[in-house]
Amino acid sequence: MADRGASALSLPEDWPAHPEPILALNRMGSFDWDLDAGLFHMDAQAFEVFDLLPEEYDGRPESLSVRVPQPEGARLDAVVSRAIKDGSETYGAYFRIRCRDGTSRWTHTQGCIRRDETGRPRRVIGIVRDATQELADSAARSLRAAQDEAFRQQTNVVQVVSAALAHARSVRDVIDVLKNTHGIRHLGAASLVMGLVEAGRIRLVAEGPAGSFVPGTRITRVDEPYPMSEVVSTLSPRFIESPEEFAENYPILWPHLTDLQITSAAYLPLIAQGRPIGAMGLLYSDRRGFSDEERAVLVALGSSIAQSLQRAMLYEQDKDLAQGLQQAMLPRTIPSVRGADVAVRYRSASLGRDIGGDWYDVIPLPGGRLGAVVGDVQGHDTHAAAVMGQLRIVLRAYAAEGHTPATVMARASVFLRELDTDRFATCLYAQADLSTGVVQFVRAGHIDPLVRRADGTCSRVAVEGGLPLGLSAEFGRLEYPVTTLELDPGHTLLLCTDGLVEQPGADLDDGMRALARRVADGPAEARPLADRLIELAEERGGDDDVAVLVLRRRASEAPRARGRLRQYVAPGDADALVHARHAIRTTVRAWGAKDRADEIELVADELMTNALLHTEGAAIVTLRALDGPGRRLRIEVEDSSSALPRRREAGESGVSGRGLLLVDRLTDVWGVEARGGGKAVWCEFVVPGGGG
């Protein structure tokens, strides 16, 4: 009977009910079941019907299981639950009890369900009576009705278990369905064993309950004298109807089962597409023999389990194939980065071949710079993974050639369109110079990056974006604006795909804010932070891939700016130009590099003058002192023009064209970088060590 659970609620004043004495004269017992308190009161005649002594009963309905066998109790539970749920006022059912002497007795119960003013069931008042004689008088009719009911219940078992198996995605899921309370309990079995056929052997994959494992049966041959081996080799079920039959036919196995009090067993071959993939055994401790209907139900159950197992095996094979393909497309190793800690993580989708085209990459670039990229090809299949692999390699090649971030993205978009595929891709590409901390971003329909600062705060970086790769080439809109950020020592950059952020029905901005909070609350180091983010993705689940790239600029080892001077020079402002030259000369001497102060001032003046003469707008000059192997001073002059400077031969009597020749002669290294809507011309001077 159902366990309603005791509560602290007070019992009704009229509980227990006192039926008329005439019930006792008709050999009927009465009961009063308080559903709130979980107490089941019986009168003296009811104790006789259940063959119980009052001192053997504690008032709890579950305690009647000593007399009511588990299958009968489950069937009676179903009758009562159905009556309560469908609003019925009464119910009735026949069930068997196990008497003190071991014999069975048919019993009949009728109950009246009492509800409160809200319709909630509060009490069940009813009778129980010995129905053995009644059923004996109409044996054929009643027995047939009981058998039909039992058959319907057993058919229900197949439906319930099959419905649960429909959601199983792995062999472990199938085993869990059969081993939990909704499996073995509904099957009425005391123990379950299952094995899978592998290379002519049967490997045991499940046994229950704990302690029922038989030594030496973990792996057995198909020709060994065990019941599972027999059903696999014959493809026919084996029903063992008594302990004597078990002991006679399987003398090696039987001694290990005596402690389990096994009285019968059913061993079923698990056949899929005409071949055995395994076998299952159900062992019973409260029954002997199997009717034709019971055998048919068990055979049908075995067929359902076999189909679920095969589906789970194919699913696992597909998932292994898809994950292997995706892992082969991702970079096998990540290069070590001087001055930074980099961590990458990947989580595949949870549905078989339904994986996506998410990827990450870390690319060494000319001049000691670094490229970091995450992207996502549209779709969740092996085609998406294959396109991702090609796109990753092409984007890596374009970046390694030294192209600007905008050019890298535009060329990758053209390549994707020329692949003649219907897929597009989102992408976020960051080009970082860790010596200065300057990071340039381009975004193609992807989510924005996040930056965690040294103080633990974290925020979203608003990167102006263009169309996704493939679409921008399709519509002829290949312009990708560049956003520049300065990543200070101790700051952490996070690039990820939308699988870490998006949830069905949730706003993307809310997801980004939630992710920023998780990053702020997470570990400071790159690898623990990446691990934590993937753990959160696993806990949340979902059917989308997740790629994570974490880059943390080290404060201790990476070259760092020991000082920085920044000056703004407006066009036509001669005083600002003079002031900037004076500030640079004074700062360089203060930093202990007076031997090269004149050269640095001259080059800075040349670069500022060129920016003011050949562009429209102001010039911003930045002077940095960088630590690291060989101490350096770096000058950057930014302007709003995207036109690159060109070397020109100076005329015999003119001075125009000498600027870049002068820069090239006096500096140790120089170059040009795209910066947002303009560019920056930079150069570096190696100076003797000294205080900054």
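The residues of the chain are indexed from 1 along the displayed sequence. Note that the structure is a prediction, hence the values are computed from the model and not measured.
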Please tell me if the side chains of [X] and [Y] come closer than 4.5 Å, counting only heavy atoms from C-beta onward.
X	Y	result
Thr109	Leu76	yes
Asp376	Asp545	no
Leu309	Met194	yes
Arg60	Leu39	yes
Tyr57	Leu64	yes
Val519	Leu533	yes
Cys496	Ile447	yes
Gln110	Thr90	no

Can you tell me how far [atom2] of [Y] sits from [atom1] of [X], rounded to the nearest 0.5 angstrom?
X	Y	atom1	atom2	result
Phe50	Arg98	CZ	CZ	13.0 Å
Asp34	Arg123	CG	CZ	7.0 Å
Ser264	Leu282	OG	CG	10.0 Å
Leu508	Asp498	CG	CG	8.0 Å
Ile240	Tyr250	CD1	OH	5.0 Å
Leu515	Leu450	CG	CG	5.0 Å

With a 3.5 Å distance limit and no angle check, can you tell me whether [X] reaches the backbone of [Y] through a side-chain donor-acceptor pair?
X	Y	result
Thr103	Cys99	no
Arg100	Asp51	yes
Ser30	Gly126	no
Glu72	Pro69	no
Arg513	Arg460	no
Ser81	Ala78	no

So which atom in [X] and which in [Y] form the shortest heavy-atom distance, rounded to 0.1 Å?
X	Y	result
Val128	Val49	O-CG2, 3.9 Å
Tyr267	Ala265	CE1-CB, 3.8 Å
Val232	Ala279	CG2-CB, 3.8 Å
Pro121	Ile113	CB-CG2, 4.0 Å
Gly38	Pro61	O-CD, 3.2 Å
Val377	Arg423	CG1-CB, 4.0 Å

CA sep, side-chain torsions, deciding dist, call: His446, Thr497, side chain to side chain contact (heavy atoms under 4.5 Å, CB included)
CA-CA 8 Å; His446 204 78; Thr497 54; 4.0 Å; yes
How would you list, by chain and number, every residue that makes a salt bridge (Lys or Arg N to Asp or Glu O under 4.0 Å) with Asp116, sequence neighbours excluded?
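Once residues adjacent in sequence are excluded, the partners of Asp116 under the salt bridge (Lys or Arg N to Asp or Glu O under 4.0 Å) criterion are Arg122.
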Determine whether Glu241 and Arg295 satisfy the following criterion, salt bridge (Lys or Arg N to Asp or Glu O under 4.0 Å), listing intermediate values before the conclusion.
CA-CA 12 Å; Glu241 302 193 293; Arg295 293 182 182 220; 3.1 Å; yes
Can you confirm whether or not the ring centre of Phe290 sits under 6.0 Å from the ring centre of Tyr284?
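Judged by ring-centre distance (under 6.0 Å), Phe290 and Tyr284 do meet the cut-off.
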Parallel, tilted or perpendicular: which describes the rings of His108 and Tyr94, with under 30° parallel and over 60° perpendicular?
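Judged by the thresholds at 30° and 60°, the geometry between His108 and Tyr94 is tilted.
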Go through the steps to decide whether Thr220 and Met228 satisfy the test side chain to side chain contact (heavy atoms under 4.5 Å, CB included), and finish with yes or no.
CA-CA 9 Å; Thr220 57; Met228 281 208 299; 5.9 Å; no
Taking atom CD of Gln273 as the centre, does the number of heavy atoms from other residues, nucleotides or ligands within less than 6.0 Å exceed 12?
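No - once you tally the heavy atoms of other residues, nucleotides and ligands closer than 6.0 Å, there are 12 at most.
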Candidate pair Val68 and Ile97, rule side chain to side chain contact (heavy atoms under 4.5 Å, CB included), full reasoning
CA-CA 5 Å; Val68 181; Ile97 66 171; 4.2 Å; yes
Start with the C-alpha distance between Arg288 and Glu244, add both sets of side-chain angles, then the distance that settles salt bridge (Lys or Arg N to Asp or Glu O under 4.0 Å), and finish with yes or no.
CA-CA 11 Å; Arg288 286 176 176 246; Glu244 295 77 18; 3.5 Å; yes
Before giving the answer on salt bridge (Lys or Arg N to Asp or Glu O under 4.0 Å), spell out for Arg532 and Glu535 the whole-Å C-alpha distance, their side-chain angles and the decisive distance to 0.1 Å.
CA-CA 5 Å; Arg532 180 56 184 152; Glu535 288 172 5; 3.3 Å; yes
Given Phe40 and Val124, is the side chain to side chain contact (heavy atoms under 4.5 Å, CB included) satisfied, shown in steps?
CA-CA 9 Å; Phe40 192 92; Val124 179; over 6 Å; no
Checking Arg120 against Asp36 for the salt bridge (Lys or Arg N to Asp or Glu O under 4.0 Å) test, could you report, in this order, the C-alpha distance in whole Å, the side-chain angles of both residues, the deciding distance, and whether it holds?
CA-CA 10 Å; Arg120 179 170 174 254; Asp36 292 327; 2.9 Å; yes
